[in-house]
Amino acid sequence: MGDWQRSCRCGEPGEGDVGGELTLMGWTQSVRDHGGLLFIDLRDRSGMVQVVLNPEVTPEAHDKAKRVRSEDVLAVRGTLVHRSDETVNPNIPTGAVELMARELRVLNPSRVPPFPVDDEVEPTETSRFRYRYLDLRRPRGLRPLEIRHRMLSTIRNHLNDLSFMEVETPVLTKSTPEGARDYLVPSRMHPGKFYALPQSPQLFKQILMVGGVDRYFQIVRCFRDEDLRMDRQPEFTQLDIEMSFVQPEDIFAMVEGMMQRVFREVRGVELETPFCRLSWEEAMGRYGTDKPDLRFGLELVELSDTFRDSKVAIFTRALAAGGIVKGLRAPGAGDLSRKELDDLTELVGRYGAKGLAWIKVTDSDWQSPLTKFLSEAEKDALRDLTGVQSGDVIFMLADDFDIVNEGLANLRLEMGRRLGLVQEGVQAFTWVLDFPLVEWRKAEGRFTAVHHPFTAPREEDLPLLESDPARVKSRAYDLVLNGMELGGGSIRIHSPELQRQVLSLLDVNPDTVDDQFGFLLEALDLGAPPHGGIAFGVDRLAMLLSDSPAIRDVIAFPKSQRAVCMLTEAPTAVDVRQLAELQIRTLAGD
RNA sequence: GGGGCCGUAGUUCAGCUGGUUAGAACGCCGGCCUGUCACGCCGGAGGUCGCGAGUUCGAGUCUCGUCGGCCCCGCCA
């Protein structure tokens, strides 16, 4: 660079700067060599500006420019001039001006890049993330991170305005029995012992409440060693919030205000508040899921009673086994082909359904493999309950509660898309309330917490804790947007006795309760205020705000589906001496 | 742990029921060109068809295995 100092960024020069002497630095987007005149598009994060080299004015600079290649890093000094009317480029913000170069320095030449650094062709994800630095030079690569940054800075401003305090909690912490698989970190000072990376700062933030921190938040990395998905990474970021002396209403109002501001400042969209609210039971009943996409209707219909004494064996058999029958009317879907119906059957099959019953309703008849088993009374009931009309299809599923709901919920999403019912541009927020406190895990033969073990039961359900735990509802809530779970939280248990009772209901061994949660129980016994909070998936929110198809797009250096860092190739083997120091020997031979 | 899709030039892709020397566009290299902005024109180079077996007279194409990427189920309090 020598002693040169950059005067502004490439996207910034405008007509106000014309006549000025500018020094610009950036990357070579393209070179257009006309033999005589030569143009260079100089780019940085802020944008692009055209540099002109004229061999008659500056033969030396022009000569150097002839050897400039894509992605070379340049510094150019010259005069900013107006372009003549015919040569103005309306497609870029700096298109009215250009830099007449007097002197050019190649700060660092670049090898030919492994993929073109522009938004024209999308490189494969493998090369995008292997060469993430090239990807980030493209607007398409950088934009999701810019939106993420704006979102987080808006959130910090907002919470700061509301007197929240950001506190950092430990990353080297303690493994706890419930929840996802932990990432472990061996301890050198304590051979054979391990820290765990936090799955969330849950217990620390509750302890902060006991410490009187009152209004806490943290934008914090969390770790879960589970298999990846399009919207799941092994390390992800939570917006963690906790407040003392609050009711759910206080949390809702705070979150709605925050979301309003985020959508206003990041997307320029004005959200209506208060958000919709659904009980868990209503959400499950009408949509078959606890995270319904409310951008379209297509509600499910309960049909168990209709078919209680039916001749349709698949229905009565499922009901006899304690299952349910539910249906979904797809308006105007009567033209579905056999192949399409097979595909839909395969779709519900993914969630365990053994088949998918369908009826095509036309003016003259009901076409279905089931027709001959359906009584007139059942047809009347179906007409009443679904409002079916000629040209529609009724889908029905009979199986246990989870399979029916999950199958139909996903069928509903698919049909919503196929029938073009999803209203684009609509932000359909909803709170989902009154989740069950616990659910029975057949595989494990015990109850597990639906939210987490520190969630308070509803007060009116306390008597059921002993007699019928499955019917106890919790003071938990989720925030759902367009079918995506953005965050969830709850009012916490602040009584040590109740906390012990819930832990024992979850069949946590009484010895390990004190081992694992002793510090929490002790804190609850030393003046813990009633408190509650919520945590959001920052990455998912950023995905939504940036219209990104995958979580990888909103993370600077994401991991592949097999949890490998595509840039550094971590995890890797370590030196045996490091292992010896930790007193660790691996079983995996390699 | 299970199911599915994909892997061909530097990049994005085409390559049919197996059949001559594996193609296109962009990029790259060389030449020409003084108002282009996805500059244009002429010429050229560039391939372990992910890898390994198998079937076959013959495999980019079929089969099996393997590696990698992506999507899904399980898992993710």
Side-chain angles (χ1 to χ4, degrees), chain A residues 29-43 48-57 62 69-71 83-92 94-95 98 100 111-131 134 176-182 199-200 202-203 222-234 236 346-353 403 406-407 410 435 437-439 441 443-444 446-455 474 476 485 488 490 502-503 506 508 535 537 549-550 552 559-562 564 566 569:
Chain A
Q29 179 68 49
S30 69
V31 182
R32 292 178 294 281
D33 184 352
H34 287 231
L37 275 185
L38 187 150
F39 303 93
I40 293 174
D41 287 336
L42 197 65
R43 173 208 358 110
M48 211 160 70
V49 67
Q50 175 164 280
V51 176
V52 188
L53 292 109
N54 189 325
E56 285 166 11
V57 183
H62 178 266
R69 294 293 176 266
S70 288
E71 300 309 313
R83 295 202 199 182
S84 65
D85 288 348
E86 325 82 70
T87 63
V88 165
N89 183 352
N91 301 317
I92 57 173
T94 62
E98 60 193 6
M100 290 300 296
R111 267 175 39 213
V112 176
F115 59 83
V117 181
D118 60 42
D119 282 345
E120 299 300 323
V121 212
E122 191 70 2
T124 56
E125 291 211 357
T126 317
S127 39
R128 276 185 62 202
F129 292 116
R130 163 128 193 262
Y131 301 100
L134 299 180
T176 49
E178 301 282 300
R181 199 174 293 119
D182 285 318
Q199 298 181 23
S200 90
Q202 182 59 36
L203 293 175
C222 302
F223 305 85
R224 293 179 191 175
D225 186 5
E226 298 292 350
D227 287 350
L228 278 57
R229 284 290 188 282
M230 187 179 53
D231 58 352
R232 267 169 29 193
Q233 283 270 307
F236 60 99
E346 194 263 346
L347 173 82
V348 297
R350 292 214 288 262
Y351 307 96
I403 291 176
E406 218 179 325
N410 284 286
F435 282 78
L437 184 72
V438 295
E439 71 182 331
R441 288 287 180 107
E444 300 171 48
R446 65 180 192 113
F447 286 107
T448 60
V450 168
H451 185 52
H452 59 51
F454 318 105
T455 299
S474 71
E485 183 192 327
S490 61
V502 169
L503 286 170
L506 298 176
V508 179
R552 294 181 293 280
K559 299 200 170 37
S560 78
Q561 192 150 54
R562 292 187 59 255
V564 172
M566 290 176 266
E569 292 181 317

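Below, read A as the first sequence line, B as the second, and so on, with proteins coming before strands; counting in each chain starts at 1. Quick caveat, the model's predicted, so the values are computed rather than measured.
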Does A:His34 reach the main-chain N or O of A:Phe39 with its side chain, forming a donor-acceptor pair under 3.5 Å?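 Side chain of A:His34 to backbone of A:Phe39: no pair is present.
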
Donor-acceptor under 3.5 Å (A:Arg69 side chain, A:Val112 main chain):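 Flag not set: sc A:Arg69 to bb A:Val112 has no pair under 3.5 Å.
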
How far, in whole Å, is [M] from [N] if one measures between their [atom1] atoms?
N      : M      : atom1 : value
B:rU36 : B:rC71 : P     : 44 Å
B:rC41 : B:rG47 : C1'   : 28 Å
B:rA22 : B:rA9  : C1'   : 10 Å
B:rG52 : B:rC67 : C1'   : 10 Å
B:rC5  : B:rG27 : C1'   : 28 Å
B:rG31 : B:rU21 : C1'   : 28 Å

Atom-pair distance ([atom1] on [X]; [atom2] on [N]), nearest Å:
X        : N      : atom1 : atom2 : value
A:Leu134 : B:rU11 : CG    : P     : 12 Å
A:Arg83  : B:rU36 : CZ    : C1'   : 9 Å
A:His34  : B:rG40 : NE2   : C1'   : 8 Å
A:Phe39  : B:rC33 : CZ    : P     : 16 Å

With a sphere of 6.0 Å drawn around CZ of A:Arg83, does it hold more than 12 non-hydrogen atoms of other residues, nucleotides or ligands?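 Yes, CZ of A:Arg83 has more than 12 neighbouring heavy atoms, counting only those of other groups under 6.0 Å.
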
Flag if over 12 foreign heavy atoms under 6.0 Å of CD, A:Glu569: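 No, the 6.0 Å shell around CD holds no more than 12 heavy atoms from other groups.
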
Distances for protein N or O near nucleotides 27-29 of chain B N or O, under 3.5 Å:
{"from": "B:rC29", "atom 1": "OP1", "to": "A:Arg69", "atom 2": "NE", "distance (Å)": "3.0"}

Criterion side chain to side chain donor-acceptor pair (under 3.5 Å) on A:Asp118 and A:Gln29, from CA distance to verdict: CA-CA 8 Å; A:Asp118 60 42; A:Gln29 179 68 49; 4.8 Å; no

Counting the atoms with a prime plus P, OP1 and OP2 as sugar-phosphate, which does [X] contact under 4.0 Å by heavy atoms, base, sugar-phosphate, or nothing?
X        : result
A:Thr124 : sugar-phosphate
A:Asn89  : base
A:Asp33  : base
A:Glu122 : sugar-phosphate

I'd like to compare against my own output: the B/S/- annotation of nucleotides 70-77 of chain B with a strict under-4.0 Å heavy-atom distance to protein. BBSBBBBB

When you check the gap from the basic side-chain N to the acidic O, do A:Asp41 and A:Arg32 get nearer than 4.0 Å?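 Looking at A:Asp41 and A:Arg32, the cut-off is met.
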
With both distances kept under 3.5 Å, what pairs with [N], Watson-Crick or G-U wobble?
N      : result
B:rG19 : B:rC57
B:rA14 : none
B:rC29 : B:rG43

Nearest heavy atom decides the nucleotide; on that basis, is A:Pro114 or A:Arg32 closer to the 5' end of RNA chain B?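 Whichever sits nearer the 5' end wins; that is A:Pro114.
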
